[in-house]
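Have a look at the structure below, then the notes.
Residue numbers begin at 1 in each chain, while the letters A, B, ... track the order of the sequences. Just so you know, these numbers use all the heavy atoms, side chains as well, and skip hydrogens, waters and symmetry mates.
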2 protein chains.
Amino acid sequence: MPLLAEIFRELGYEGTTLSQITERTGIGKGSLYHFFPGGKEEMAAAVLEEVDRWFEDFIYEPLRRDEPAVAIAAMWRGVDDYFRSGGRICLVGAFALDGTRERFSEAINGYFRRWVEALAGALVRGGLKQDAARAEAEAAVLGIQGALVLSRALDDHDVFRRAITGMQTRLKATF
Amino acid sequence: MPLLAEIFRELGYEGTTLSQITERTGIGKGSLYHFFPGGKEEMAAAVLEEVDRWFEDFIYEPLRRDEPAVAIAAMWRGVDDYFRSGGRICLVGAFALDGTRERFSEAINGYFRRWVEALAGALVRGGLKQDAARAEAEAAVLGIQGALVLSRALDDHDVFRRAITGMQTRLKATF
DNA sequence: GATGCATTGTACCGATCAGTACAAAAGACG
DNA sequence: CGTCTTTTGTACTGATCGGTACAATGCATC
């Protein structure tokens with residue numbers, strides 16, 4: 001499954017072929033279609049679900065549950081870790097950009113909506129007004145996605161790290 | 001050419017097929033390969049070049065030439081216009097995310113590098129220090145890309161507009 | 001060891017892929 | 001009109017696409 005995720009991340013949904021999957025995972029077509037009768041689409045859906053679960057467990061839920069300052073600090077750390085300082089892209093963000101979006105719109109929407117809501121909730125608990133919290137949360141989530149695009153385009157991890165720490169300190173100053 | 005750009009934007013590089021192109025442009029394969037002997041790759045390169053030229057003419061060059069405050073205001077307006085408030089994605093950003101990146105790395109890198117440099121230059125002329133100007137420029141460019149991802153994922157143009165105006169007022173306050 | 005189910009490799013399918021060949025057509029220019 | 005180049009439609013190529021069929025395995029449980 002992690003291999004599968006990495007393939008989709010590198011090649012995109014359309015760029016990922018069954019032969020690439022069998023080659024890089026060592027799993028034959030027979031097994032692949034045994035576990036994923038729905039084919040490529042089901043595989044991608046499973047990967048999306050796994051990604052979602054990871055963020056739910058390690059980012060969103062702490063944001064809802066823990067002390068805002070602590071959870072938000074953990075979020076920045078977790079994000080930098082997960083995306084390897086820009087060395088790894090966000091599969092959900094990539095899917096959101098091209099024609100793949102229509103196929104998985106619900107999963108994509110949910111991933112981002114819950115992220116923004118959880119972060120905004122933490123900011124409200126941290127003392128921000130509803131509107132301001134939402135705006136700051138959107139800015140943070142969108143900033144992470146943009147940092148992935150830019151750092152990858154410039155092939156420079158420092159861009160990602162700089163952006164992350166910049167947003168972190170800026171956000172911390174708001175509450 | 002604008003049609004071609006729109007197809008690549010919607011479907012991504014890998015998702016765009018020759019038959020889609022012939023169908024949606026009404027141009028047959030014969031003509032297509034007559035003007036682009038290099039096939040799909042050459043078509044995408046031509047589109048990227050056209051996009052680059054547009055930004056060079058209407059965004060980067062004004063940033064280098066005009067009064068900073070004026071050029072930067074024009075940039076935000078131009079960006080909101082060009083991307084139709086998030087209704088249209090950035091082809092270069094999308095290409096930067098998946099395997100297409102390796103194929104066009106130079107064009108992708110140049111597009112973003114020159115954007116950041118031109119904006120940072122304007123900010124320096126506006127009174128910012130070199131480092132601060134670069135950081136702010138990166139934040140703005142990356143914010144635009146992220147806004148495209150998020151607004152598209154949530155299917156909500158307001159997210160894009162809110163993010164753009166937020167960044168605009170924030171940036172204006174720095175110089 | 002026999003039975004039954006889960007798993008896998010392989011051969012195959014029609015469709016479609018990017019790309020080519022080439023002759024017909026359309027224009028340009030005299 | 002005649003000639004020459006540019007442009008276009010169409011038929012075709014081999015390769016690869018996602019997906020299916022199915023027999024051969026592995027592997028429990030009795």
Atom-to-atom span, [atom1] of [X] to [atom2] of [N] - whole angstrom:
| X | N | atom1 | atom2 | answer |
| --- | --- | --- | --- | --- |
| A:Ile27 | D:dG18 | CD1 | P | 16 Å |
| B:Ile21 | C:dC17 | CD1 | C1' | 12 Å |
| A:Met43 | D:dC17 | CE | P | 13 Å |
| A:Phe36 | C:dA6 | CZ | P | 17 Å |
| A:Gln20 | D:dT16 | CD | P | 12 Å |
| A:Leu32 | C:dT10 | CG | P | 15 Å |

Given side chains that start at C-beta, do those of [X] and [Y] come closer than 4.5 Å, heavy atoms only?
| X | Y | answer |
| --- | --- | --- |
| A:Arg114 | A:Asp52 | yes |
| B:Phe95 | B:Arg103 | no |
| A:Gln145 | B:Leu150 | no |
| A:Thr16 | A:Ile21 | yes |

Inset, instruction - Working to the nearest 0.5 Å, report the span between CG of A:Leu91 and OH of A:Tyr111. - result: 9.0 Å

Inset, instruction - Calculate, to the nearest 0.5 Å, the distance between atoms CZ and NE2 belonging to B:Arg152 and B:His157 respectively. - result: 8.0 Å

Legend entry - Contacts of B:Arg170 that satisfy salt bridge (charged side-chain N to carboxylate O under 4.0 Å, His left out) - sequence neighbours left out: B:Glu136

Under 3.5 Å, which protein N or O atoms sit close to an N or O of nucleotides 20-26 of chain D? Give each pair with its distance.
none

Legend entry - Centroid-centroid under 6.0 Å between B:Tyr82 and B:Phe58 rings: no

Inset, instruction - Check every atom of D:dT6, C:dA6, C:dG19 against the side chain of B:His34 and return the nucleotide holding the closest atom. - result: D:dT6

Inset, instruction - Just say parallel, tilted or perpendicular for the rings of A:Phe55 and A:Tyr60, cut-offs at 30° and 60°. - result: tilted

Legend entry - DNA chain C contacts among residues 10-18 of chain B, heavy-atom distance under 4.0 Å: B:Thr16, B:Thr17, B:Leu18

Inset, instruction - Give a yes/no answer on whether the side chain of A:Ser19 brings an N or O atom under 4.0 Å of OP1 or OP2 in D:dT16. - result: no

